[in-house]
Amino acid sequence: RLITFDAFGTLFRVLGNPTAAYVREAARHGIHIQEEAATTAYKLAFRLQSNRYPNYGRRHESLDAKKWWEEVVKMTLVEAGAKEIELERKFDDIFETLFHKFTKADEYIIYDEVKPVLAAIKESPDVRLGVISNSDGRTVQVLQSLGLEKYFDFTITSYELNHEKPDMDIFNKALDIGSYGLVERIKPENALHIGDDEKRDYLGAKQAGWESYLLVREDEEHAPYFSGKVLEDNLINTLEPAIDW
């Protein structure tokens with residue numbers, strides 16, 4: 001059997017408002033913007049960049065993930081009120097700090113049940129564990145810094161594979177990697193995916209023939225959106241049901 005998890009919002013979350021780090025780092029260089037303005041600007045910049053260059057620019061030869069984020073950060077700061085002429089001299093230092101900052105453990109909180117659940121599943125010799133994340137390659141560094149990588153047999157990022165959830169190809173690739181060394185390839189019906197996005201995680205896995213659970217954490221300040229059409233048995237508020245699957 002194979003059990004895979006989404007990463008952000010499923011295994012861990014950013015500590016506080018991520019744009020607060022933008023505001024603090026800009027201020028450290030003498031550039032002062034408001035957090036509320038930065039948050040609004042970030043949402044706009046991220047949406048525009050995602051629409052223009054999907055999957056962190058993976059399919060554009062002149063744009064790698066780091067450059068993709070560089071443009072998002074610059075758009076965020078400028079739209080939040082930073083003066084371009086002032087930002088020009090200081091931006092490289094601001095960006096480099098921010099880009100690497102979000103690979104560090106102290107920027108994230110692991111949900112309480114995650115490590116006990118993963119440890120319990122790992123005790124079963126016939127289950128393999130993986131991560132499938134729509135993200136750039138830094139997710140691997142985040143998992144390492146949080147001490148979570150040891151629980152997983154593999155991690156797939158959309159940037160690495162050049163396919164994003166809910167594309168079936170990313171789930172099929174997970175079956176291939178999860179079956180490595182086995183006599184037979186794991187069948188889709190023997191695979192479970194858990195995530196907090198109805199379209200990308202729940203429906204994406206279902207369409208690939210997998211079992212799937214939609215995670216909606218009750219203690220989240222901003223609970224993930226879902227349509228209400230998810231089967232009640234497939235709607236969970238903790239990862240614990242994965243232990244007995």
Side-chain angles (χ1 to χ4, degrees), residues 4-29 31-47 49-50 56 65-66 68-70 72-77 79-80 82 91 93-119 131-152 155 157-159 165 194-197 200-201 214-226 236-240 242:
T4 63
F5 300 86
D6 174 48
F8 296 87
T10 298
L11 301 174
F12 53 83
R13 65 174 175 85
V14 175
L15 177 63
N17 182 354
T19 52
Y22 289 37
V23 174
R24 289 193 300 269
E25 189 59 26
R28 199 169 69 85
H29 289 80
I31 297 173
H32 300 283
I33 56 177
Q34 298 299 313
E35 185 174 326
E36 184 177 351
T39 299
T40 300
Y42 171 78
K43 290 177 180 178
L44 175 62
F46 188 89
R47 184 171 67 250
Q49 190 77 328
S50 296
Y56 308 93
K66 187 174 183 180
W68 191 96
W69 277 109
E70 182 180 318
V72 169
V73 173
K74 181 170 283 188
M75 281 191 284
T76 298
L77 297 178
E79 287 295 323
F91 179 74
D93 288 340
I94 293 172
F95 173 69
E96 286 296 329
T97 298
L98 289 173
F99 188 76
H100 294 291
K101 186 180 187 66
F102 287 100
T103 65
K104 308 299 183 184
D106 55 7
E107 295 300 321
Y108 299 94
I109 294 178
I110 303 172
Y111 293 107
D112 290 342
E113 87 282 9
V114 168
K115 286 187 176 181
V117 166
L118 295 177
V131 173
I132 306 177
S133 174
N134 280 3
S135 62
D136 62 60
R138 289 178 299 164
T139 297
V140 175
Q141 295 173 267
V142 175
L143 291 170
Q144 290 172 340
S145 67
L146 291 172
L148 294 177
E149 187 189 35
K150 64 184 179 182
Y151 295 106
F152 297 104
T155 298
T157 67
S158 60
Y159 189 83
K165 296 177 292 185
I194 300 175
D196 67 332
D197 188 288
R200 295 177 178 86
D201 293 305
L214 178 64
L215 177 67
V216 181
R217 293 187 179 277
E218 293 180 345
D219 59 346
E220 286 291 271
E221 181 179 351
H222 302 291
Y225 168 80
F226 67 99
I236 60 176
N237 56 28
T238 171
L239 298 183
E240 292 174 357

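One-based numbering along the sequence shown. This one's a predicted model, so the numbers in the text were calculated from it and none came from an experiment.
Listed by first then second residue, pairs satisfying salt bridge (Lys or Arg N to Asp or Glu O under 4.0 Å) with a partner in residues 15-27 read Glu25-Arg28, not counting sequence neighbours.
Here the OG-CH2 distance, from Ser50 to Trp68, works out to 4.0 Å after rounding to the nearest 0.5 Å.
Between Phe91 and Phe95, the ring planes are parallel. Angles under 30° get that label, and only those over 60° would be called perpendicular.
The closest donor-acceptor contact from the side chain of Tyr22 to the backbone of Thr76 lies at 3.5 Å or more, if one exists at all. Formation of a donor-acceptor pair under 3.5 Å by the Tyr42 side chain with backbone atoms of Val72 is not found in this model. When atom types are taken as modelled, the side chain of Ser145 and the backbone of Val142 share a donor-acceptor pair closer than 3.5 angstrom. Remark: the backbone N or O of Glu113 is not paired with any side-chain donor or acceptor of Glu240 at under 3.5 angstrom.
In summary, Asp106 and Lys104 do not engage in a salt bridge, as defined by a charged side-chain N under 4.0 Å from a carboxylate O. Between Lys66 and Glu96 a salt bridge is recorded (basic side-chain N to carboxylate O distance below 4.0 Å). Salt-bridge formation is detected for the pair Lys165/Asp6: a Lys NZ or Arg NE/NH1/NH2 atom is positioned less than 4.0 Å from an Asp or Glu carboxylate oxygen.
Tyr108 has its side chain within reach of Val14: a pair of non-hydrogen atoms, C-beta onward, lies under 4.5 Å apart. Put simply, the side chain of Tyr56 does not reach to within 4.5 Å of the side chain of Arg138, judged on heavy atoms. Contact annotation: the side chain of Phe99 never approaches that of Glu70 to less than 4.5 Å [non-hydrogen atoms, C-beta and beyond].
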Given side chain to side chain contact (heavy atoms under 4.5 Å, CB included), test Leu239 with Tyr111 step by step and report yes or no. CA-CA 9 Å; Leu239 298 183; Tyr111 293 107; over 6 Å; no

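Applying the salt bridge (charged side-chain N to carboxylate O under 4.0 Å, His left out) criterion to Glu107, with sequence neighbours excluded, gives Lys101.
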